[in-house]
Undergrad: 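For reference, the structure I am asking about is given below.
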Amino acid sequence: MRWSQYFIPTLREDPADAEVVSHKLLLRAGIIRQLSAGIYSYLPIGQRIALKVMQIVREEMNRIGGQEFYLPALHPAELWQESGRWSAIGDDMFRLKDRKGADMCLGMTHEEVITSIARNEIRSYKQLPQVWYQIQIKFRDEPRPKSGLMRLRTFIMKDAYSFDVDWEGLDRSFKDQREAYKRIFTRCGIEFSIVEASSGSMGGSESNEFVAKTDAGEDLIASCSNCEYAANLEKASSRLSKIEDDAGPDAPEEFSTPAVRTIEDLARTPYLVAANRQIKSLVYFATIDGEPRPVLALLRGDHQLHDVKFGDALGSTATRPAQPEEIRELLGASAGSLGGVGAKATSRKSNQQLLIIADLGLKGRRNMTTGANKDDHHIRGVDIERDIEVDQWADLRTVSSGEPCPRCDTGTLEVFRAMEIGHIFKLGTKYSESMGANVLTADGKQVPIIMGCYGIGVERIITAAIEQNNDSDGIIWPKSITPFDVVVTITNIKNEELRNAGEQLYKDLQHAGLEVLLDDRDERAGVKFKDADLVGIPYRITIGKKIADEMVELFDRRAKQSEDVKLDDVVARVQELALSAQ
RNA sequence: CGGGGCGUAGCACAGCCUGGUAGUGCGCUCGGUUUGGGACCGAGAGGUCGGAGGUUCGAAUCCUCUCGCCCCGACCA
């Protein structure tokens with residue numbers, strides 16, 4: 001392509017609406033333009049990038065036997081009513097009526113559609129397994145679209161579905177997808193982790209989330225430096241070093257602690273109670289079975305409560321910290337002087353049923369110090385299992401960077417921000433059962449097909465690639481998904497010698513099978529360099545004064561280094577570089 | 001949905017508090033000089049100030065409503 005004719009509207013300044021790096025660069029490099037919140041147009045180089053990503057996905061899907069479909073984006077409500085999701089999904093689904101008044105929706109995913117094909121056409125176990133996929137637009141009316149292409153209302157997704165006659169088959173299909181995903185993200189130049197995830201409202205037994213490390217991400221992930229362990233902070237755990245407690249007194253002792261309100265206060269002189277020898281006591285109200293109940297959560301003094309783990313452990317739909325008045329009514333003291341000893345008895349005075357849940361990190365601890373449920377007083381010598389009526393033990397604490405891996409002996413955990421780029425689920429029979437997709441087994445029994453579903457967000461790959469590959473000058477595309485392999489920059493288009501050399505090189509590079517952008521614009525060299533850096537094309541060949549000696553300059557965008565190369569050698573050199581690994 | 005911010009030229013912004021009929025930089029057009037890291041000089045084009053209603057002799061500016069966008073939170077197949 002000739003830059004002079006090609007539509008790449010670069011922006012010199014950061015657009016006001018963009019916050020995260022990838023969003024700014026996507027706009028500045030002329031890749032996308034916004035149409036509405038969470039809705040973007042792909043401009044020509046954006047389309048080239050998206051096609052490259054989709055092609056990699058397609059190749060890897062085909063490699064594991066996937067068959068490409070193209071399914072409708074517009075669905076009749078009946079399908080979704082069959083699976084039960086018409087009512088289970090709320091405002092996230094775009095709904096509309098056709099001219100006859102029939103309910104329709106825009107597909108946010110395609111389990112229903114694919115299952116309806118399977119149930120109509122697949123009769124026998126002999127037709128299985130099948131792996132079907134498509135690369136298609138999805139619609140989700142996100143409550144909060146954000147960060148450019150990160151959280152969209154319309155986006156491109158590769159969604160694959162596997163159909164097996166038994167669970168062993170599903171295991172194989174799942175593993176195939178897992179391996180394909182690793183290859184896809186690796187080929188796209190993305191640093192990723194695989195985390196255990198909950199399958200959420202998708203249903204099913206097992207799921208893996210693929211995440212890309214980026215500060216713009218919405219998830220917090222704990223990942224082991226040594227082994228493969230990685231988990232969302234909502235589920236992550238770590239190994240605690242054992243603490244040997246001295247045997248304490250036979251019964252807890254109350255002591256006076258005027259003005260002590262925090263763990264830190266008690267850790268200082270004159271008390272000197274180390275934070276890991278204190279019990280942190282937090283009062284919450286948790287909605288359990290539709291009823292709000294007061295809950296006392298106990299953790300080691302230096303640990304932080306993770307409210308998702310807390311809610312999960314209680315089976316609660318909503319939790320909130322108690323108000324100061326509520327705490328006083330319940331336990332007769334203010335936050336800062338609370339504790340589990342005798343808390344149940346105290347709470348009964350206010351006619352409330354207090355639930356005590358303790359973090360596993362406190363199990364077996366003795367001779368601890370905690371609040372006395374009396375302002376300005378604490379209790380020491382607390383043996384948790386002896387002195388506190390714990391209703392439930394659970395993993396409640398937030399894992400921090402540097403803690404030992406729960407799975408291997410030598411690794412430590414690193415906690416970082418990440419964004420979801422893919423998710424694979426073992427669905428099981430959720431859709432095949434509700435929608436009646438059955439097959440006959442070898443021994444003549446009718447069984448529901450065992451399904452899996454596997455998604456990849458194309459825009460998420462693009463976003464992650466930019467987030468992980470940029471510098472102050474712009475994007476640095478991984479070679480596999482760059483819009484062009486190389487840009488030929490003619491420093492002065494009015495100079496005939498330079499122009500001719502550039503035109504010839506442009507042709508030669510194309511003949512060598514490279515995707516070439518020829519910067520033949522009548523602009524100053526500096527402008528062209530800035531634009532080339534911004535757009536992020538991996539290699540730039542600069543045609544300048546050195547052409548008198550049959551030399552050109554080859555600039556490596558990532559290394560930010562250039563070498564002088566003979567004009568005759570530069571095609572082979574670029575070919576070699578562009579086709580090498582990232 | 002709760003909290004916050006912002007809508008003025010293609011882009012980034014000033015003007016609003018204290019009403020008097022719109023400005024700066026970049027970009028764009030034309031002419032000239034320049035030509036290896038976002039040039040310079042000169043001359044231009046370009047805006048119903050998001051929309052509606054109101055107050056006023058007069059509204060970008062004050063009031064009411066409304067639409068849109070961004071950020072934080074809730075939510076997130």
Side-chain angles (χ1 to χ4, degrees), chain A residues 9-20 23-24 27-28 30 33-40 80 83-86 88-94 105-112 138-148 150-153 155 157 159 161 197-204 207 209 216 218-219 232 234 307-308 311 317-320 419-420 422-425 427 430-431 453-457 472-474 489-495 498 519 521-535 540-547 552-553 555 560 562:
Chain A
T10 57
L11 265 25
R12 190 181 291 227
E13 290 171 277
D14 281 340
D17 281 349
E19 199 84 4
V20 303
H23 189 194
K24 288 178 185 173
L27 290 166
R28 285 191 55 204
R33 286 294 183 264
Q34 182 172 31
L35 186 60
S36 180
I39 307 178
Y40 288 83
W80 289 76
S83 71
R85 290 206 291 182
W86 181 262
I89 294 171
D91 293 335
D92 278 8
M93 182 147 69
F94 281 103
C105 66
L106 298 176
M108 51 199 304
T109 173
H110 283 75
E111 281 78 16
E112 281 79 359
K138 300 281 191 260
F139 298 87
R140 288 183 197 177
D141 197 357
E142 283 287 342
R144 192 176 152 210
K146 59 183 253 195
S147 306
M150 201 144 171
R151 199 164 199 59
L152 294 163
R153 293 199 292 172
F155 56 96
M157 185 185 228
D159 47 320
Y161 306 87
S198 73
S199 29
S201 47
M202 285 299 294
S207 95
E209 200 176 324
E218 300 175 311
D219 297 332
N232 194 299
E234 296 173 2
D307 49 4
V308 174
T317 48
T319 59
R320 65 168 179 86
M419 67 184 287
E420 183 180 4
H423 207 153
I424 57 179
F425 298 88
L427 280 180
K430 174 175 161 131
Y431 296 91
C453 78
Y454 316 92
I456 287 182
S472 57
D473 290 319
T489 301
I490 301 171
T491 51
N492 184 351
I493 199 70
K494 295 203 172 105
N495 179 315
L498 298 183
D519 196 345
R521 293 176 297 170
D522 185 11
E523 289 285 352
R524 297 168 67 85
V527 172
K528 300 188 192 190
F529 295 156
K530 288 285 183 193
D531 272 346
D533 288 352
L534 177 59
V535 173
R540 185 185 78 220
I541 300 170
T542 307
I543 310 228
K545 289 177 192 126
K546 292 169 192 160
I547 201 70
V552 294
E553 223 170 87
F555 178 76
K560 281 184 134 171
S562 52

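As the structure is a computational prediction, the values presented were derived from the model and not from experiment. A note on names: the letters A, B, ... follow the listed sequences, proteins ahead of strands, and every chain is numbered from 1.
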Undergrad: Not counting sequence neighbours, which residues clear side chain to side chain donor-acceptor pair (under 3.5 Å) with D473(A)? List them please.
TA: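 D473(A) satisfies side chain to side chain donor-acceptor pair (under 3.5 Å) with K560(A) only.
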Undergrad: Is there a Watson-Crick or G-U wobble partner for rC1(B) with both distances under 3.5 Å, and which nucleotide is it?
TA: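 Here rC1(B) is engaged in a pair, and the nucleotide opposite it is rG73(B).
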Undergrad: Do the side-chain N or O atoms of T491(A) get closer than 4.0 angstrom to the phosphate oxygens (OP1, OP2) of rU35(B)?
TA: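 For T491(A), the contact criterion (side-chain N or O under 4.0 Å from OP1 or OP2 of rU35(B)) is not met.
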Undergrad: Sequence neighbours excluded, which residues qualify as side chain to side chain donor-acceptor pair (under 3.5 Å) partners of E553(A)?
TA: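 Checked E553(A) against side chain to side chain donor-acceptor pair (under 3.5 Å); matches are K546(A).
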Undergrad: If the P atom of rU8(B) is compared with that of rG51(B), how far apart are they to the nearest Å?
TA: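 The answer is 10 Å between these two P atoms.
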Undergrad: Output all residues satisfying side chain to side chain contact (heavy atoms under 4.5 Å, CB included) with A37(A), sequence neighbours left out; order by chain, then residue number.
TA: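 For A37(A), the residues satisfying side chain to side chain contact (heavy atoms under 4.5 Å, CB included) (neighbours in sequence not counted) are P145(A), R153(A).
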Undergrad: Please identify each residue that fulfils side chain to side chain donor-acceptor pair (under 3.5 Å) with D522(A), with sequence neighbours left out.
TA: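 Result, side chain to side chain donor-acceptor pair (under 3.5 Å) vs D522(A): K494(A).
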Undergrad: Would you tabulate the pairs of protein nitrogen or oxygen atoms and nucleotide nitrogen or oxygen atoms of nucleotides 24-33 of chain B closer than 3.5 angstrom?
TA:
from    : atom 1 : to     : atom 2 : distance (Å)
rG25(B) : N2     : E13(A) : OE1    : 3.3
rG27(B) : OP1    : R12(A) : NH2    : 3.3

Undergrad: Looking at every strand, decide which applies to Q34(A) at a 4.0 Å heavy-atom threshold: base, sugar-phosphate, or nothing.
TA: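 Counting heavy atoms under 4.0 Å across all strands, the contact made by Q34(A) is with sugar-phosphate only.
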Undergrad: Using a cut-off of strictly less than 4.0 Å, decide whether K494(A) has a side-chain nitrogen or oxygen near OP1 or OP2 of rU35(B).
TA: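 No, no such contact exists.
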Undergrad: Looking only at atom C1', what distance separates rC67(B) and rG10(B), rounded to whole Å?
TA: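 That atom pair is separated by 23 Å.
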Undergrad: If the condition is ring-ring contact (aromatic ring centres under 6.0 Å, His included), which residues does Y40(A) pass it with, not counting sequence neighbours?
TA: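 Here the qualifying residues are H23(A).
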Undergrad: Within the modelled atom types, does a donor on one side and an acceptor on the other bring the side chain of R540(A) and the base of rG37(B) under 3.5 Å apart?
TA: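 Indeed, a donor on one side and an acceptor on the other fall under 3.5 Å apart.
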